[in-house]
Amino acid sequence: MTPTPEPDADEMHRFDDLYQVSRSEAIVEDDEFLKHMSAGSELPVLLAALAAALGDTSILHADLQPPLTPMDTQPHPHGGMSEDQKEKAVSVALSALTVLRDKGITTVDVLPDETVREILHYLSGGREEWYRMLTHELDLAADKGGRPSWKFGDVAKGRPFPTLIIGAGVAGIAAAHRFAQAEVPFTLIEANTSVGGTWAKNTYPGVRLDTPTFGYSYSFAQRGDWPHQFAQGGEILDYLRDVAERAEITDRIEFSTRLLRLRWDDDGRFWEATTRGPDGGEQVRRFSAVVSALGQLDRPNIPEFEGQSLFRGTTMHSQEWDHATDLRGKRVAVIGTGASAYQIVPAIVGDVDALTVFQRSAPWMLPAPNYHHPMTDAFSWLVRKVPHYAQWYRLWVILTGIPGRTHTVTAEADWPGAPLSVSAKNQELREYLVARLEAQFQDAPELLQHIVPTYPPGAKRMLRDNEVWAAALLAEKTTLVTSGIERFTEDGIVDNDGLLHEVDVIVYATGFKPSDYLDEVEVLGRDGVEIHEFWDGDARAHNGVMVPGFPNFFLIYGPNVGGVVAGSLHFMLERAVEYSLKAIHEVLRRGAAAIDVRREALDRFVAWVDQGNRRMAWGQPYVSTWYQNRHGRVSQIWPYTNVEYWEITESVSESDHEFLD
Ligand code: NAP
């Protein structure tokens, strides 16, 4: 990772950001070059950044406001600005850039609230209800609202309140950072040997983000110099390690330490945690509160097949990639065509001797020609020369992601196109995507009939396509098997047509067991109730965070907070952390022992998210997706926007909770 200039202590305080670049490089280029850079920018972002740097919002003319055309088949650059708007915007940006150059402006200070409002008004088309949520993501806002406004010592000086944070992945790092800022004492355990969670474990060939990089970072660690438009796995892992270092968390982590059991002691009002450490020994410790930042997609799903143990070759799950196995010259089978297989297959097809892909259902693919591209030269220049361009760009990705693609997957009641689509808009998307597949597979009609999905777009995760998937399937050495797997033999896999596919290596790209939240951990709450008994296969948590009967127990990335067609994952995680801290603050402020959410509050929340999910493609009774649990309820997905989640996590309602003395 390219080192970013270290901020001085004052700047850290001003911006509450672990990456804040204190100074941009001076602009020395001529007007012609600046015009070229303006034209290569994301224009609403550049105008916002320039308005902020110049302290002059008058450049954000009303007639330059982006219409925010919703994403459908593809994103709309510049928020869908017309040609005329773009031309005018380039000229306004050019004048502003020359002022920046001629005045030698290389810094920008925290913005007055009024300026924040004016810029958000411009970017969002005046959607006031978005402003508070967006301010949370705006590094130049005086009060983003994410950093805790209180310190443990001011509220509960001298009170023992040991807290356990479980996991040092994306969620655990966020939790530890905010808990450290509030000076809440915590112990952070991580079963792995390093930070990074899923990004430390998933190292398979081709692993990378399948959502834009700039939407995938913390509000408090807004790195600007990302190399790729869709970051590679190693780049994200480096970022997470770097954030943990900058937040001074790494040295506090107990690595190779796994949580085995939690038991709430109602008399003592504490959690008893049993962990297994690096030496294999078990330890029992007491904590006042527990924050679970355990991942949702970390238990490999390896389906059972007849004769599985007979196979003499190498097998591996995508998450447990065996880098010691050289695939060159080997005959390889990949089972599954989900997000992981979709990255593995094109990455290995060049190396292997023969590739057999076992597909149960075909994936939908959204066009993303830039999927493997580095950031453009213009982007990199703007990041270096225009103060906070990268941070404004990040805000813009999050802003346009508020509605995201929701409207393309929202179901219409009694839609006649079911089960292939859920609405007129969804049908339109389907036809567009099918036409792309027809073009890609025009010379292979026998394949085409198998690669058109038979379910509505959006019912499962849609993948990003830059044509490499089709190229891999069309390669002469590749065989696509769609009849299903009958059994394994010593030498390979027999399909349901009775054909034996002889292979040396089998890759299970068969996903995870996501609906089993907190699996492998026993969590005994009040009255000795075990959390999985309470859930009975249907994981539920109020606001995705708290479960009745489990006091002072907080889930980060719990049930029903995952986003698929809209929203920022990091936003959801950070808000869950902030909400947990607010709950703890309430406990401390009242001098109570613990907080427990009421059952009615949970039921109300679940009814509300269920209502939302029933309107979406993945909530239709005729689709089958891992977003649904064994009861058929969608327990994975948040069906609303980031704005609604901001609202429900803004305060801890007194009437929804019980405080234990
Ligand atoms: P997945 O999306 O659940 O895909 C699993 C694949 O295995 C599916 O094609 C599934 O078929 C198939 N499969 C499962 N059981 C099978 C069986 N018994 N026989 C034959 N095929 C079987 O898993 P994944 O690809 O690992 O991705 C999981 C999630 O991880 C993604 O949705 C995403 O959230 C995340 N992920 C993200 C990224 C990224 O951001 N870059 C990359 C990878 C994964 P069916 O579709 O028919 O069930």
Side-chain angles (χ1 to χ4, degrees), residues 169-170 197-199 201-213 215-216 228-237 295-306 308 316-321 333-347 356-366 368 371-372 450-451 453-456 458-466 469 480-488 493-496 501 506-516 557 561-565 567-570 572 618 623-628 636-638:
V170 179
T198 191
W199 296 102
K201 289 186 227 168
N202 282 277
T203 59
Y204 58 76
V207 61
R208 70 193 307 141
L209 261 187
D210 62 8
T211 52
T213 304
Y216 199 84
H228 287 98
Q229 305 197 23
F230 293 83
Q232 294 173 345
E235 292 164 359
I236 300 168
L237 185 57
Q296 188 196 6
L297 298 173
D298 69 339
R299 294 210 322 124
N301 168 43
I302 300 187
E304 284 177 17
F305 296 106
E306 189 190 324
Q308 210 157 10
M316 56 180 113
H317 185 269
S318 55
Q319 183 175 261
E320 289 157 353
W321 196 266
V334 175
I335 305 178
T337 51
S340 301
Y342 186 76
Q343 296 180 328
I344 293 168
V345 165
T356 310
V357 178
F358 289 86
Q359 171 186 284
R360 195 165 63 177
S361 357
W364 281 114
M365 306 184 293
L366 293 165
Y371 186 37
H372 288 163
H450 297 298
I451 48 91
T454 51
Y455 56 89
K460 300 185 192 191
R461 190 183 176 89
M462 293 186 278
L463 308 175
R464 302 296 169 131
D465 185 40
N466 62 349
W469 175 251
L480 181 72
V481 180
T482 57
S483 64
I485 294 171
E486 186 194 280
R487 63 192 159 90
F488 283 29
I493 300 176
V494 178
D495 68 24
N496 275 333
H501 302 268
I506 296 175
V507 174
Y508 291 105
T510 39
F512 302 88
K513 297 181 174 170
S515 56
D516 300 342
Y557 209 52
V561 297
V564 271
V565 290
S568 146
L569 165 86
H570 289 66
M572 299 296 279
W618 51 79
V623 309
S624 150
T625 153
W626 67 259
Y627 302 160
Q628 302 161 348
Q636 308 296 315
I637 306 298
W638 174 248

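Start at 1 and go down the list; that is how both ligands and their atoms are numbered. Keep in mind the model is a prediction, meaning the values are calculated, not measured. Numbering starts at 1 and runs along the sequence shown.
- Taking the six-membered ring for Trp, Phe512 and His317 have ring centres closer than 6.0 Å.
- Qualifying ring pair (Phe, Tyr, Trp, His ring centres under 6.0 Å) partners for Tyr508, counting only residues two or more places apart in sequence or in other chains: none.
- Using a 30° and 60° split on the angle between ring planes, Tyr627 and Trp618 fall in the perpendicular class, above 60°.
- Residues Trp364 and Gly458 approach most closely at CD1-N, 4.3 Å, considering heavy atoms.
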N/O to N/O under 3.5 Å, ligand 1 against protein:
{"residue": "ligand 1", "atom": "7 (O)", "partner": "Ala509", "partner atom": "O", "Å": "3.3"}
{"residue": "ligand 1", "atom": "9 (O)", "partner": "Thr337", "partner atom": "N", "Å": "2.9"}
{"residue": "ligand 1", "atom": "9 (O)", "partner": "Gly338", "partner atom": "N", "Å": "3.3"}
{"residue": "ligand 1", "atom": "25 (O)", "partner": "Ala339", "partner atom": "N", "Å": "2.9"}
{"residue": "ligand 1", "atom": "25 (O)", "partner": "Ser340", "partner atom": "N", "Å": "2.7"}
{"residue": "ligand 1", "atom": "25 (O)", "partner": "Ser340", "partner atom": "OG", "Å": "3.4"}
{"residue": "ligand 1", "atom": "26 (O)", "partner": "Ser340", "partner atom": "OG", "Å": "2.7"}
{"residue": "ligand 1", "atom": "34 (O)", "partner": "Arg461", "partner atom": "NH1", "Å": "3.3"}
{"residue": "ligand 1", "atom": "40 (O)", "partner": "Asp210", "partner atom": "N", "Å": "3.4"}
{"residue": "ligand 1", "atom": "40 (O)", "partner": "Asp210", "partner atom": "OD1", "Å": "3.0"}
{"residue": "ligand 1", "atom": "41 (N)", "partner": "Arg208", "partner atom": "O", "Å": "2.3"}
{"residue": "ligand 1", "atom": "41 (N)", "partner": "Asp210", "partner atom": "N", "Å": "3.3"}
{"residue": "ligand 1", "atom": "41 (N)", "partner": "Gln343", "partner atom": "NE2", "Å": "3.3"}
{"residue": "ligand 1", "atom": "46 (O)", "partner": "Ser361", "partner atom": "OG", "Å": "3.1"}
{"residue": "ligand 1", "atom": "46 (O)", "partner": "Lys460", "partner atom": "NZ", "Å": "2.9"}
{"residue": "ligand 1", "atom": "47 (O)", "partner": "Arg360", "partner atom": "NE", "Å": "3.0"}
{"residue": "ligand 1", "atom": "47 (O)", "partner": "Ser361", "partner atom": "OG", "Å": "2.3"}
{"residue": "ligand 1", "atom": "48 (O)", "partner": "Arg360", "partner atom": "NH2", "Å": "2.9"}

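- Side-chain rings of His570 and Tyr216 approach one another, their centers coming within less than 6.0 Å.
- By the 4.5 Å heavy-atom criterion applied to side chains, Ile506 and Phe488 are counted as neighbours.
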